[in-house]
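Take a look at the structure below.
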Amino acid sequence: MRDPSDPLYTENVLEQSSNLETLLAEIRMIMFTKQGDVLGSYNFGYNLEDYLFLFNLNESDLRSRLVEMIFYYCPDAKNYSVDISVQFFKGTIRDICLIDIFVDGQKSMGVLVK
């Protein structure tokens, strides 16, 4: 379930069987799904790009919402120490958001939204 642009993408591998890879795939699904797009689960989805246009939102709010979703929708998250870092940067056209996901103290995933 990794995109070919992902640095950890492995060609000709269709499936990973580790619990960590399953957790990261679940987190990617949450982050890149718009809320309301999943039939029967209206609250599933993070609306990441939409959050950048809200003026009253801060890093703590984004982080709290993502942590809440991960522990609600990712059953494997309880088996790991999952931490999230959210930072905003001033862009030329709009703000940039950097989200790093740490699993057991190791950076496992990063998302840059600009």
Could you check whether any side-chain heavy atom of [X] comes within less than 4.5 Å of a side-chain heavy atom of [Y], counting everything from C-beta outward?
X      : Y     : value
Asp61  : Ser64 : no
Val111 : Phe32 : yes
Ile27  : Cys74 : yes
Met109 : Met31 : yes
Tyr46  : Thr33 : no

Next on the checklist: Are Leu23 and Phe44 connected into the same hydrophobic cluster when the rule is that any two of I, L, V, M, F, W, Y join if their side-chain heavy atoms are below 4.5 Å apart?
Outcome noted: yes

Checklist entry - Would a hydrophobic clustering, with Ile, Leu, Val, Met, Phe, Trp and Tyr connected at side-chain separations under 4.5 Å, put Ile99 with Met29? => result yes

In Å, rounded to the nearest 0.5 Å, how long is the span from [atom1] of [X] to [atom2] of [Y]?
X     : Y      : atom1 : atom2 : result
Glu68 : Ile30  : CD    : CD1   : 10.5 Å
Leu24 : Ser108 : CG    : OG    : 5.5 Å
Met69 : Glu26  : CE    : CD    : 12.0 Å

Can you list, pair by pair, the side-chain donor-acceptor contacts under 3.5 Å of residues 76-90, counting residues two or more places apart and other chains?
residue: Lys78; atom: NZ; partner: Pro75; partner atom: O; Å: 3.2
residue: Tyr80; atom: OH; partner: Leu20; partner atom: N; Å: 3.1
residue: Asp83; atom: OD1; partner: Arg63; partner atom: NH2; Å: 2.8

Checklist entry - Please, which pairs that meet salt bridge (Lys or Arg N to Asp or Glu O under 4.0 Å) have at least one residue in residues 98-111, sequence neighbours excluded? => result Asp100-Lys107

Checklist entry - With no hydrogens and no angle check, is any side-chain donor or acceptor of Tyr73 less than 3.5 Å from a backbone partner on Gly45? => result no

Checklist entry - Just wondering, more than 12 heavy atoms not from Leu39 lying within 6.0 Å of its CG? => result no

